[in-house]
Amino acid sequence: MGLQALFFYLFAFIAVASAFMVISARNPVHSVLFLILTFFNSAGLFLLTGAEFLAMILLVVYVGAVAVLFLFVVMMLDIDFTELRSGVLEYAPVGALIGVILAAELIVVIGGSVISPDIGKTVAMPIPALTERTNTAALGDVLYTHYVYFFQIAGLVLLVAMIGAIVLTLRHRQNIKRQDISQQVARTPATAVEVVKVKPGQGV
């Protein structure tokens with residue numbers, strides 16, 4: 001057994017075990033920590049296959065943003081997880097249906113590669129060898145040339161989703177003094193300064 005195979009089995013075992021702990025841990029904070037561990041080991045598996053760009057994206061985006069943000073949300077919000085768990089059985093049929101669909105897709109992909117091993121050679125834009133072009137450079141060549149418009153559209157969709165989430169969750173509370181930038185910029189000395197004439201011997 002080579003060193004690469006040893007690291008593969010190590011990362012794979014820890015990733016599967018931590019993924020199981022994500023759904024079996026009773027404490028949601030522990031689940032998020034196990035999720036971060038799963039992401040780290042998945043990034044190690046990507047590095048072993050030569051996909052260093054996907055490994056870095058997994059660490060930067062999912063570990064650095066999504067998982068940590070979810071961890072802070074779980075720790076800061078007072079969520080009644082007992083009430084949430086009580087309605088799990090109601091969504092079990094939908095979850096089972098999604099699981100069956102994902103399993104069928106995996107069977108089709110794996111079965112297709114087993115039945116016809118040469119199917120990868122029919123790709124219109126095959127991935128060049130690592131000696132000719134790095135994985136990150138090859139992905140950038142395809143993403144920013146042939147699919148540049150789709151990439152920009154995906155960015156706009158995410159921007160609209162972010163703005164929509166902010167608008168839907170933003171609530172203006174009453175009796176709270178808020179800052180109005182336009183009103184502050186439009187102030188003049190006549191409206192900002194009040195001259196009070198005080199007679200001698202009297203207070204303000």
J.: Can you measure from OH (Y62) to CD1 (I36) and round to the nearest 0.5 angstrom?
T.: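 Output value for this atom pair is 14.5 Å.
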
J.: Do you know the tightest heavy-atom contact between L59 and F39?
T.: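 Nearest pair, atom of L59 first, then F39: CD2-O, 4.5 Å.
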
J.: To the nearest 0.5 Å, tell me how far F46 CZ sits from L58 CG.
T.: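 If we round to the nearest 0.5 Å, F46:CZ and L58:CG are 6.5 Å apart.
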
J.: Can you name the closest pair of heavy atoms from S18 and T38 and give their distance?
T.: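 Nearest pair, atom of S18 first, then T38: OG-OG1, 2.8 Å.
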
J.: Compare every heavy atom of F7 with every heavy atom of L48, then report the nearest pair and how far apart it is.
T.: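 Between these two residues, the closest heavy atoms are CD1-C, 3.9 Å.
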
J.: Does atom CD (Q184) have a neighbourhood of more than 12 heavy atoms from anything else shown, all under 6.0 Å?
T.: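 More than 12 within 6.0 Å, yes.
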
J.: Would you call F53 and I57 a side-chain contact if the rule is heavy atoms closer than 4.5 Å?
T.: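 F53 reaches I57 side chain to side chain.
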
J.: Are Y149 and L156 linked, directly or through other ILVMFWY residues, by side chains that come within less than 4.5 angstrom of each other?
T.: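 No; tracing contacts between hydrophobic side chains, which count when under 4.5 Å, never links both residues.
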
J.: Looking at L37 and N41, what are the two nearest heavy atoms and their distance?
T.: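 Closest heavy-atom pair between L37 and N41: O-ND2, 2.7 Å.
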
J.: Could you walk me through whether L6 and L10 pass the side-chain contact (heavy atoms from CB on, under 4.5 Å) test, one step at a time?
T.: CA-CA 6 Å; L6 178 62; L10 177 64; 5.7 Å; no

J.: When the ring planes of Y144 and F151 are compared, do they come out parallel, tilted or perpendicular, using 30° and 60° as the limits?
T.: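 Rings of Y144 and F151: perpendicular, over 60°.
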
J.: Let me confirm one number: the CG-CD1 distance from L158 to I153, rounded to the nearest 0.5 Å.
T.: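 Result: 12.0 Å between the selected atoms.
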
J.: So if you build clusters from Ile, Leu, Val, Met, Phe, Trp, Tyr with side-chain heavy-atom gaps below 4.5 Å, do L106 and V100 land together?
T.: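 No, it is not one cluster - the side chains of L106 and V100 are not joined through contacts under 4.5 Å.
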
J.: Which distance, rounded to the nearest 0.5 Å, do you find between the CD1 of I107 and the CG of L102?
T.: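 Answer rounded to 0.5 Å: 11.0 Å.
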
J.: Could you tell me whether the side chain of V148 reaches within less than 4.5 Å of the side chain of L143, counting heavy atoms only?
T.: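 Answer no - side chains too far apart.
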
J.: Starting from V63, can I reach V60 by hopping between I/L/V/M/F/W/Y residues whose side chains sit under 4.5 Å apart?
T.: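 Not linked; separate clusters.
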
J.: Rounded to the nearest 0.5 Å, what's the gap from CE on M56 to CG on L47? Could you check?
T.: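 It comes to 5.0 Å.
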
J.: Could you tell me the separation between the CZ atom of F34 and the OG atom of S24, rounded to the nearest 0.5 Å?
T.: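 The CZ atom of F34 sits 7.5 Å away from the OG atom of S24.
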
J.: What pair of heavy atoms forms the shortest contact from M21 to S31, and how long is it?
T.: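 Nearest pair, atom of M21 first, then S31: O-OG, 4.4 Å.
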
J.: Examine F8 and V16 and state if one hydrophobic cluster contains both, with Ile, Leu, Val, Met, Phe, Trp and Tyr joined whenever side-chain heavy atoms are less than 4.5 Å apart.
T.: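 F8 and V16: separate clusters.
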
